[in-house]
Protein chains: 2
Amino acid sequence: MATIYQVSEAAGVSLATVSRVMNGNARVSERTRKKVEDAMALLGYQPNAIAQSLASNRTNSVGLLVSELHGSYFGDLMSTVENVLKQNGKHVIITAGHVDEKREHEAIEFLKSRRCDALILHAEAVSDEYLKQLVDSSTPVAVINRKVDELNDNCFVVDNEQGGYLATQAAINAGHKHIAYISGPLFKKDASDRLSGHKRALEEAGITFEETSMFEGDYHESAGQEGMLHLQKHYPNFTALVCANDEMASGAMTAAREAGFDIPEQLSIVGFDNVLFSRYLYPKLTTINNPIHAMGEMAAYWVLQHVYNIKSPIPIEHLFVPEVVNRDTLGNL
Amino acid sequence: MATIYQVSEAAGVSLATVSRVMNGNARVSERTRKKVEDAMALLGYQPNAIAQSLASNRTNSVGLLVSELHGSYFGDLMSTVENVLKQNGKHVIITAGHVDEKREHEAIEFLKSRRCDALILHAEAVSDEYLKQLVDSSTPVAVINRKVDELNDNCFVVDNEQGGYLATQAAINAGHKHIAYISGPLFKKDASDRLSGHKRALEEAGITFEETSMFEGDYHESAGQEGMLHLQKHYPNFTALVCANDEMASGAMTAAREAGFDIPEQLSIVGFDNVLFSRYLYPKLTTINNPIHAMGEMAAYWVLQHVYNIKSPIPIEHLFVPEVVNRDTLGNL
DNA sequence: GAGTGTTGTGTAAGCGCTTTCAAATTTAAA
DNA sequence: TTTAAATTTGAAAGCGCTTACACAACACTC
């Protein structure tokens, strides 16, 4: 593998000059530039990114932490972020934290040790304290889908409370009065926010919230099935079920079907996230759009602007608005 | 950010000694080791991976090329590879090639410029020639889901011909005689192999293959819908439809439902890949398992063994066997 | 006590680049 | 022409680490 030294020799110029034509930042005469480029082509020269990074203290790579590498939600996020950054010549190093404090911590430390120029984090398990510390350190950090007090400028979040409100309101508007709810794990901020929204919508409609109408799941599909079974037993007669994410909605649909319910004739279901596969479900799931795509894009632009001085083509915003996606699982009563 | 120099000073030893305790390879006395470790802890020292890589010519990272960052198929692949490698202290740098020759090429060059110790490629668009060249270069390469002649040792593939055979055979065994087929893009080896298998199964059952019974799609969901429409027009009366992947099967199911068919009572459908969402489909899709998980795992172990001299816990194999996954979309005639 | 191994540590030369500074060259102005 | 200013180039000092190599220090043998 050719080095810059061999190029400089072949071109009959100094290292510095070769470096200059590579980076295109300083002035080099047309004639020398040509000589160098020819030499590069001749040798099939490919700069060593590692050495460049060490010397320039710039890696041109940004670290991305997601919870899992599979699943539509994160697939969407990764795709978006990579697209925006790659278009601007930056590269993404992706790691998974698996919603585990230790593993998230390690993943972030790994990204830092690779000297990423910036981090985009979908961190669920590490503490607010740790995130604050991170932001105070030298690496710029964007946080996705998590609101941390005092870190407003770094956070990109959807209004989960409003989303929960919209989901339940949609059911109420369709005439439902007995609305069950399958929540996400309440230690997660997004789950508790969504639940708050649900309660607000009920209250606004003059319906009192009953503890038995709710089941706390873990966001996985199986929790949807368990929840459905649990609710049938402890809160029978509900005509609509709001789920805190699409995975659980899918599980609930399966369980409902097995129990003989027609959807939406006998039971309405509303999900949350508008994950890709919610279109594949049958009937197609009515859900709340979680603008994960928009958030990822925004975080990427924020990084480009703050770290690389590349102006964002869209104004930077931090709060995103959820919307109802009307499909086929919510029926009128 | 503390450097090795500051650690050495704080510990009262030389750079070399600090380096030795970091790498744990050379002998260091207990006393000095303790001193150095204390100094590291005190300073919150974190080695600079970039500098380490440059000096040691080892990055401890392996590059992974996938076609897309979203979708179950690649999600599964990324997760598996990352898991195996991370467990062994290696890191993964993921890039997407988008099934485009230029972009795949660039992605691979990027991984090489990051000096990955090895590459694991799901490359669909670059030429065999290029891959051969790559294998001949200094970076070890594992190729997933693509068989390249002369590169048997580097390839990890499923027997697509056999898979196609099994899918159609399953339909035949269920009593079907008029079997339509929605193929993948035939310039792709896997697509043409699957089709060959389909034809072999027909032939073996004494059914003659008719050109009109087949539609060539592009592996996307929409092609399933188009294909269904096309086949209804040009090859009516088919009672079973075999699709070259699950995405297209899903599209075909939607189209079939819209056309009023009951599945599987009036129309049987068989997919291919056994992608995660095939479980979410309703009815649950009968399909062929593509052991992408096993292949990714194997490729990762191969890398560990060949590049890092870490013995693989399972024997290295290169050819994987597809299997029928019986679920609910194939009915008996 | 001289010779021979061990073991632990330090010195210094890189790894392949970037970047400052100064020198050399060209261009423009007088 | 001569001189100053602007432009182009090269020399060399790092970036933070690894790793030969050399050298002490110590424990053995005979």
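Each chain gets a letter, A, B and so on, in the order its sequence line appears, and its residues count up from 1.
Residue B:E30 contributes atom CD, which lies 10 Å from atom P of C:dT9 at whole-angstrom precision. Rounding to whole angstrom units, CG of residue B:L15 and P of C:dT9 are separated by 15 Å. Regarding B:R33, its CZ atom lies at a distance of 13 Å from the C1' atom of C:dT9, rounded to whole Å. Nucleotide C:dT18 holds its C1' atom 9 Å from the CE atom of A:M22, rounded to whole Å. The nearest whole Å value for the distance from the CG atom in A:N23 to the C1' atom in C:dC17 is 9 Å. At whole-Å resolution of the value, CG in A:L54 and C1' in D:dG14 are 9 Å apart. Atoms CZ (B:R115) and C1' (D:dC17) sit 17 Å apart, rounded to a whole Å. Straight-line distance from the CZ atom of B:R58 to the C1' atom of D:dT19: 15 Å, rounded to whole Å.
Backbone-only engagement by A:T3 is indicated by non-hydrogen atom pairs under 4.0 Å involving sugar-phosphate atoms exclusively. No engagement by A:S53 is indicated, since no non-hydrogen atom pair under 4.0 Å with the nucleic acid exists. Among the atoms of the strands shown, none is found under 4.0 Å from any heavy atom of B:N57. Residue-level contact check: B:V18 touches neither bases nor backbone, having no heavy atom under 4.0 Å from any strand.
Ion pairing between B:E124 and B:R146 fails under the 4.0 Å rule for side-chain N and carboxylate O. Ion pairing between a basic and an acidic side chain is recognised when a charged N comes within 4.0 Å of a carboxylate O; A:K34 and A:D38 show such pairing.
A donor-acceptor contact closer than 3.5 angstrom links the side chains of A:Y308 and A:D117.
Applying the 4.0 Å criterion to OP1 and OP2 of C:dG16, one finds that A:Q52 has every side-chain N and O outside that range. Neither OP1 nor OP2 of D:dG14 sits under 4.0 Å from any side-chain N or O of B:Y5. Contact annotation: B:N48 side-chain N/O to D:dC15 OP1/OP2 distance is not under 4.0 Å. Remark: B:S19 is in phosphate contact with D:dT18, judged by side-chain N or O atoms under 4.0 Å from OP1 or OP2.
Closest-nucleotide positions on DNA chain C for B:T17 and B:S56 were compared, and the one nearer the 5' end corresponds to B:T17. Nearest-nucleotide positions on DNA chain C for A:A51 and B:T32 put B:T32 closer to the 5' end. Closest-nucleotide positions on DNA chain D for B:A55 and A:R20 were compared, and the one nearer the 5' end corresponds to A:R20. Along DNA chain D, the nucleotide nearest B:P47 and the nucleotide nearest A:G12 are compared for position; the residue whose nucleotide lies closer to the 5' end is A:G12.
Classification of the A:F156-A:W302 ring pair by plane angle, with boundaries at 30° and 60°, yields perpendicular.
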* Go through the steps for B:Y73 and B:H122 under the test ring pair (Phe, Tyr, Trp, His ring centres under 6.0 Å), then give the verdict. => CA-CA 11 Å; B:Y73 183 89; B:H122 187 288; 5.6 Å; yes
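One cannot find a donor-acceptor pair under 3.5 Å joining the base of C:dG8 and the side-chain atoms of B:R31.
Minimum atom distance to the side chain of A:V13 is reached by D:dG10, of the listed D:dG16, C:dG16, D:dG10. Among C:dT11, D:dG16, C:dT9, the nucleotide with an atom closest to any side-chain atom of B:A16 is C:dT11. With D:dA11, C:dG8, C:dG10 as the choices, the nucleotide that has an atom nearest any side-chain atom of B:S29 turns out to be C:dG8.
By the 4.5 Å heavy-atom criterion applied to side chains, A:L304 and A:K90 are counted as neighbours.
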